[in-house]
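This report refers to the structure that appears directly beneath it.
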4 protein chains.
Amino acid sequence: MPKVSDAYKEEKRAALLDAALYCFANRGYEATTIDDIVRHAKVSKGAIYNYFKSKEEIFLTILESRNDNFFLDIRAHFHACPDATSKLRHLLGRLRSLPIDPDRRRWGLVHVEFWLYASRQPELEAMIERQYGTFIDLYQEILLEGKASGEFRPDLDVAAASSLLLALRDGVNLHLYLISKNHPFETAMAEMEDMLLRYLKN
Amino acid sequence: MPKVSDAYKEEKRAALLDAALYCFANRGYEATTIDDIVRHAKVSKGAIYNYFKSKEEIFLTILESRNDNFFLDIRAHFHACPDATSKLRHLLGRLRSLPIDPDRRRWGLVHVEFWLYASRQPELEAMIERQYGTFIDLYQEILLEGKASGEFRPDLDVAAASSLLLALRDGVNLHLYLISKNHPFETAMAEMEDMLLRYLKN
Amino acid sequence: MPKVSDAYKEEKRAALLDAALYCFANRGYEATTIDDIVRHAKVSKGAIYNYFKSKEEIFLTILESRNDNFFLDIRAHFHACPDATSKLRHLLGRLRSLPIDPDRRRWGLVHVEFWLYASRQPELEAMIERQYGTFIDLYQEILLEGKASGEFRPDLDVAAASSLLLALRDGVNLHLYLISKNHPFETAMAEMEDMLLRYLKN
Amino acid sequence: MPKVSDAYKEEKRAALLDAALYCFANRGYEATTIDDIVRHAKVSKGAIYNYFKSKEEIFLTILESRNDNFFLDIRAHFHACPDATSKLRHLLGRLRSLPIDPDRRRWGLVHVEFWLYASRQPELEAMIERQYGTFIDLYQEILLEGKASGEFRPDLDVAAASSLLLALRDGVNLHLYLISKNHPFETAMAEMEDMLLRYLKN
DNA sequence: CATGAATGAGGATTCATTCAT
DNA sequence: TATGAATGAATCCTCATTCAT
């Protein structure tokens, strides 16, 4: 019989995750200590182990949840997109808005860190493949819709193209995270749209 | 009158770097201990500090040297490339050859790890910008040559395009490093070539 | 709501300082390892870092606290001293009681070690000057009181004399710490009192 | 059959001792590494072990030799001193000249460091007692001469007084080494002479 | 459930000394 | 003898996790 409500627990859990994300983003996963996190969350050191069983679990929980939310958010926005081209443009628009938000840039690094981390741990391979697969599915859906509607050329190889688009997206993301100045992101992004549409439309 | 020849020292240094790269690649930079490295190199723990002053220096030395060698190698191959298109194809060819070599995949992860590492240390910002700049310059050269020769369209925005191409390359690399199976890399790579040429030539 | 009372923490902290002083006294600061200290205090290695952030901090804390206590103790005893001469005699009496206590001799060496240590670290210069200044002030007070009361001769150079007396005290201390046998300390101490009174009184 | 002359060896040995003294004086005994010394002496690391069998031996050799030289020097100067008072004044004069020579101040710290070091090692007790004894003998000689000549009062306790004078000397030395500023050493030294003569002469 | 003190296995680095050449 | 690379024990400090209260 718990003494506190589930809502309270959930809130605390979320606060801990927020604090952890903040620390991971600023210091990196390895460099972040449990002390950093609890200090930030204004919680005692022992308490955190009532909510998560290890630092790794916190890390994985954050990544899962951010991925899930990302998809929910995308799907929500897609409702307002009448066709494949506008969906694609929406995705490109997300990239474009990145440079102006330093927080989101730092968060991006956590994702990359997770990929590295997971790539060394066989038991996390499944997680990474699943996340990758979800993205691929999303891109394939759009491409298929575009083919069906005639927006995109009929001979487009959907499987290959979605994998290519995703790589392009992550590459641009990565550079946005890492390179902080003197690079023509704005125009490069416009070029990207140009390149993609040339490629997809015929 | 040193007791050992410079060649011997250079060899040993190289052996230590190799051992370190092996460990970094398999375990990651943070997770690799000096003990791991010296065990692998079959030297004593103290010995390594005759060659490098810290674990970080080893890491940075590896990254610098791999980058330098990469460029030397590229430049060497470019001599056999008569025009911009063939240079571009050479670069794409390097990407293509990646999936079949598990070692090179693991090494790639070390580069990504370095980016992350460097992005959190202000004093390494210069190094990352320099490496990035070197790549950008390489791409710009090719694009400019292609424009001059008429291979590429005259209105191509070279600065933006090179930044875009580099992002695409790193994104594809990243996915190659991370995703190990069930993905149509071969065809995706062909699509990439198709996409790029559509974009550049028109 | 801390798990343990402040009193408990204070006690433990004091126990750690005691253990450290014991080790410093017997082995010296440099030769004492954190392992020595925690073994002596019967705590785990990590525990000590909940109380002090470094071996140096432990050292400095001990020295500061011993100095402070020394002054409190002196001041307390001075209440029972009606004039400057008796205060001076009290200070001399402290020196006299040293040879019979081997512990206090060893502790004295720790103070000397601190002087050496501090003299090599610019950031500790202030600490050493402060401690020195506190002693000088104490001696000056006594000498001024003695001059005012007519106990000491009116032309006494208080600044120079206090510096001289302090040097004499520390020299005697040093020899007491270092030389363990075959030396006529008792009579030397009596001579010292004789010398000082001849000098001060005229 | 040595390949180099004894003179060469002796020179090198001396150079190593000089370098070591320099390092000990500036960094302290513990903090000085063999590397420091050989770098300073421009000698290889292995070579030093052809001359001394350990860092400790170097330390002890320096201290012995400095002590010996000190006595030779004193004795040489004493030839020009017609009576006990002038001998005493010569010793005081040495103290006086200290503050102006930063090197000698630093060297003094090495002596103190040696005392500390030796006081923790039973096998060095003899060395410290011997050095102490040599000084005591020197002082006793002077005092006895002064008593015999009528310069000093006939009831002077020579054993106690010499021990007292030596303590005073070392105390003043110590403060000179440690306290670098704002203290009236000049006048304190004059006061010391005054005090001693009052005490010795009656 | 919360607290934060305690634990102790590591980890990077140092350094006196040895020894092959 | 000289050289300086090699050795590896020793050291300080960190930090995820546990657990008594």
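Not measured: the values here are computed from a predicted model. Computed from heavy atoms alone, side chains included, the values below leave out hydrogens, waters and symmetry copies. Note on naming: letters A, B, ... go to the chains in the order of the sequence lines (proteins, then strands), and numbering restarts at 1 for each one.
- For the side chain to side chain donor-acceptor pair (under 3.5 Å) with A/Tyr8, the lone residue among A/Glu11, A/Glu10, A/Lys12 that qualifies is A/Lys12.
- In this structure, the CZ atom of A/Arg27 is 12 Å from the P atom of F/dA16, given to the nearest Å.
- Nucleotide E/dC15: paired with F/dG8 (Watson-Crick or G-U wobble, both distances less than 3.5 Å).
- When the C1' atom is used for both F/dT21 and E/dC1, the distance is 13 Å, rounded to whole Å.
- The nucleotide whose nearest atom lies closest to any side-chain atom of C/Lys9 is, among E/dA5, F/dC12, F/dA16, E/dA5.
- Going from atom CD1 of A/Ile37 over to atom C1' of F/dT17 covers 13 Å, rounded to whole Å.
- Of the candidate nucleotides E/dT3, F/dA2, F/dT7, F/dT7 has the atom lying nearest to any side-chain atom of B/Val43.
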Check step by step if side chain to side chain contact (heavy atoms under 4.5 Å, CB included) holds for B/Ile34 and B/Tyr49.
CA-CA 10 Å; B/Ile34 293 287; B/Tyr49 288 94; 3.7 Å; yes
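- Rounded to a whole Å, the CZ atom of D/Arg13 is 16 Å from the C1' atom of F/dT1.
- Relative to the ring axis of A/Tyr29, A/Lys55 places its NZ or CZ within 45° and under 6.0 Å from the centre.
- Under 4.0 angstrom from either OP1 or OP2 of F/dA6 there lies at least one side-chain N or O belonging to B/Lys12.
- Judged by distance alone, the side chain of D/Asn26 and the main-chain N or O of D/Tyr22 form a donor-acceptor pair under 3.5 Å.
- The CZ-C1' distance, from B/Arg39 to E/dG10, rounds to 12 Å in whole Å.
- Distances were taken from every side-chain heavy atom of C/Ala47 (C-beta onward) to each of F/dC12, E/dT17, E/dA6; the shortest belongs to E/dA6.
- Each of C/Ile34 and B/Tyr51 was matched to the nucleotide of DNA chain F holding its nearest heavy atom; the match closer to the 5' end belongs to B/Tyr51.
- A/Ile48 has its CD1 atom 14 Å from the P atom of E/dG4, to the nearest Å.
- Rounded to an integer number of Å, the gap from A/Phe52 CZ to F/dT18 P is 16 Å.
- Comparing B/Tyr49 and D/Lys55 by the nucleotide of DNA chain E whose heavy atom lies nearest to each, the residue mapping closer to the 5' end is B/Tyr49.
- Where A/Tyr29 and B/Gly46 each meet DNA chain F at their nearest nucleotide, the meeting point lying more 5' is that of B/Gly46.
- Checked against E/dA2, F/dC12, E/dT17, the side chain of A/Ser44 finds its nearest nucleotide in E/dA2.
- Closest approach to the B/Lys45 side chain among E/dA5, E/dG8, F/dG8 is made by F/dG8 (side chain taken as heavy atoms from C-beta onward).
- Residue D/Lys53 has no polar side-chain atom (N or O) positioned under 4.0 Å from OP1 or OP2 of E/dT17.
- Rounded to whole Å, atom C1' of E/dA12 lies 11 Å from atom CD1 of B/Ile58.
- For C/Asn50, no side-chain nitrogen or oxygen approaches OP1 or OP2 of E/dG4 to under 4.0 Å.
- In this structure, the side chain of A/Asn69 engages the main chain of A/Ser65 through a donor-acceptor pair within 3.5 Å.
- Taking atom CG of D/Asp35 as the reference point, atom C1' of E/dT13 lies 14 Å away to the nearest angstrom.
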When you look at C/Tyr117 and C/Glu113, which way does the side chain to side chain donor-acceptor pair (under 3.5 Å) test go after all the steps?
CA-CA 6 Å; C/Tyr117 182 82; C/Glu113 207 169 5; over 6 Å; no
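- Summarising the base pairing, F/dT3 is matched to E/dA20 through a Watson-Crick or G-U wobble pair whose two defining distances lie under 3.5 Å.
- Listed candidates were E/dA6, E/dC1, F/dT7. Nearest to the side chain of C/Tyr8 is E/dA6.
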